[in-house]
Amino acid sequence: MPARSDITYFGAGPALLPTDVLEKAAQALLDFNGTGLGIAEHSHRSELAANIINEAKADLATYLDIPAADYEVLFMQGGGTGEFSASVYNLVGAWVARQHAAVLKDLGGSEAADEAAVVAALRTKVETDLKLDYIVTGGWSLKAYQEAVRLLGPEYVNLTADARLENGGKFGKIPDQASWKLSKDAALVYYCDNETVDGVEFPEFPSALAPKADGTGPIVVADMSSNVLSRRIPVANHSLLFFGAQKNLGSTGVTVAVLKKTFLPPTITQPSPALMRKLGLPIPPIVLQYEIVAKNNSLYNTLSIFDVYVAGQVLKKLLSTFPNKVDGQQAVAEKKAEIIYSALEAHPDVYKIVPDKTARSRMNICFRVIKNGTTDESEKAFLKEATGLGLTGLKGHRSVGGIRASNYNSIPLEGAEKLAKLIEAFSKA
């Protein structure tokens, strides 16, 4: 049986974790800091648990340069898929709260306004003005769009861009921003920064979504589950970032939402369930309501403190490894991706890189093995040889097939070089 040191695991998630982090976490499961109890046995209401959460929040803010005065970091459950729903619930609620305030003002103030008149005016606003925009560039953004349609109905959800229309019915490109059909004052504009399945990544923040000189602009939501911590993020351009931990941050079981505080009390309070019912709009499960999670420092219900601890240890390792924080990791990620892509590009008769060069992901490198025109047989042979060399987790997603090398932060430079050597050797065999 191979030892852990013999394996370079390129799986798309759950992903490889640093060995020293796992060793420390394993000890913490048995006896955390000499308490005689494992970390999973301590109460989530304890001072110990609060300290773990607060340290992880502070270290994440430091590493990504998140302005702590302007953004709240929330630890949640439900994964990125749960956030597809949470973002809809909370940002539609925030939109209703803003419209409610405007209607009250138009009707002469809160005390003078007749409740029936307010509800009638809000219903009109909902029917004519409520829109959520989705930029669909891969399988995950498609699922986010579909969830919004399921929760609200298609009349409220705008397919701003669909990459399949520009790529023969398949994902692999990012549509020209000039073609995006953005709604006026949308409740949110969603994009997935990196598509894990399809190997598509935005090369930079979309300029079409940038705030104006006066600071106004669209309410931007970014799913960064598979590339967070790997490059600098223009945090201030976003109202909400979210990401599952199991790619670059930690273990499966915790999800992070980074929310602009202007979407929380006292600036905005979510509308009452009674009002949302009258408007025919969905009411969020309480565990997905951001203001409840924020008010309770992520501890409204029982949070897996162990998973937060693992994420915190990953962040501490990153901060100690890179004095220049995320910029240091970004340089490494780009170098590793360049090594692998260059090896593939050197043999176009053997390998076909799936996404367009303008949208290639640094994190999920997707390609087909087309050697001698026998793709299926060639890919099976490639995977077998890779496994023999300790390069595992390379099989593509079940929905698209092929080969996928997930180049997450935990993949060492030597791992990328080893894969590049295999790519070279297999092309000549």
Side-chain angles (χ1 to χ4, degrees), residues 83-136 141-162 165 175 177-191 206 208-212 214-222 237-240 259-260 262-265 267-284 288-291:
E83 292 303 310
F84 295 164
S85 307
S87 56
V88 171
Y89 287 130
N90 287 275
L91 295 183
V92 167
W95 183 90
V96 170
R98 292 192 299 273
Q99 302 305 317
H100 188 222
V103 166
L104 286 176
K105 185 177 179 181
D106 290 344
L107 294 178
S110 58
E111 293 185 7
D114 175 74
E115 182 182 359
V118 171
V119 171
L122 279 174
R123 279 180 182 158
T124 300
K125 289 269 191 183
V126 168
E127 291 168 3
T128 59
D129 296 341
L130 177 60
K131 288 293 179 185
L132 285 72
D133 285 359
Y134 284 79
I135 300 158
V136 174
S141 50
L142 178 61
K143 287 187 176 184
Y145 165 77
Q146 290 169 336
E147 177 66 355
V149 170
R150 188 185 73 86
L151 291 175
L152 294 173
E155 65 271 28
Y156 298 121
V157 186
N158 174 38
L159 184 55
T160 302
D162 186 343
L165 299 178
Q177 294 181 46
S179 70
W180 294 4
K181 297 177 175 62
L182 292 163
S183 304
K184 181 182 178 182
D185 299 326
L188 65 84
V189 183
Y190 166 98
Y191 75 102
L209 305 183
K212 300 173 185 175
D214 62 1
T216 62
I219 295 168
V220 179
V221 175
N237 290 357
H238 298 82
S239 295
L240 172 66
L259 179 68
K260 189 172 283 189
T262 51
F263 289 89
L264 293 170
T267 307
I268 286 181
T269 299
Q270 288 288 305
S272 69
L275 177 58
M276 295 297 277
R277 287 191 196 98
K278 290 175 181 177
L279 298 176
L281 295 172
I283 301 159
L288 294 183
Q289 194 162 0
Y290 292 145
E291 68 179 47

Gap between atom OG1 of T267 and atom CZ of R98 - 0.5 Å precision: 11.5 Å
E291 (side chain) donor-acceptor with Q270 (main chain) under 3.5 angstrom: yes
Separation between CD of Q289 and CD1 of I283, rounded to the nearest 0.5 Å: 10.0 Å
Any side-chain heavy-atom pair of L240 and N90 under 4.5 Å: no
Flag if over 12 foreign heavy atoms under 6.0 Å of CD, E155: yes
Polar side-chain atom of R123 near backbone of K278 as donor-acceptor pair, under 3.5 Å: yes
Steps toward side-chain contact (heavy atoms from CB on, under 4.5 Å) verdict (K125, W95): CA-CA 10 Å; K125 289 269 191 183; W95 183 90; 4.2 Å; yes
Nearest non-hydrogen partners of K260 and H238, listed with the distance: CE-O, 3.5 Å
Shortest non-hydrogen contact between V136 and S141, atoms and distance: CA-OG, 3.4 Å
M276 and Y89, any side-chain heavy atoms less than 4.5 Å apart: no
Verdict with supporting geometry, L132 and Y190, side-chain contact (heavy atoms from CB on, under 4.5 Å): CA-CA 8 Å; L132 285 72; Y190 166 98; over 6 Å; no
Within-4.5 Å side-chain heavy-atom neighbours: S239 and L188: no
Atom pair CD (E115) and CG (L107), whose distance is rounded to the nearest 0.5 Å: 12.5 Å
Closest contact, heavy atoms only, L209 versus P218: O-CG, 3.4 Å
Rounded distance [0.5 Å steps], CD1 in I135 versus CG in L182: 6.0 Å
side-chain contact (heavy atoms from CB on, under 4.5 Å) evaluation trace for Y134 with V149: CA-CA 10 Å; Y134 284 79; V149 170; over 6 Å; no
Interatomic spacing from NE2 in H100 to CG in L279 - rounded to 0.5 Å: 9.0 Å
Partners meeting side chain to side chain donor-acceptor pair (under 3.5 Å) with S87 (sequence neighbours left out): none
Shortest non-hydrogen contact from Y191 toward V220: CE2-CG1, 3.6 Å
Full working for side-chain contact (heavy atoms from CB on, under 4.5 Å) between W180 and D133: CA-CA 10 Å; W180 294 4; D133 285 359; over 6 Å; no
Any side-chain heavy-atom pair of D185 and D129 under 4.5 Å: no
Any donor-acceptor N/O pair, E147 side chain to F84 backbone, under 3.5 Å: no
Side-chain donor or acceptor of T128 paired with backbone N/O of T124 under 3.5 Å: yes
Minimum heavy-atom distance between L130 and L281, given as atom pair plus value: CD2-CD2, 4.0 Å
Min side-chain heavy-atom separation V118-L104 under 4.5 Å: yes
Residue pair P211 / N237: nearest heavy atoms and the distance that separates them: CD-OD1, 3.4 Å
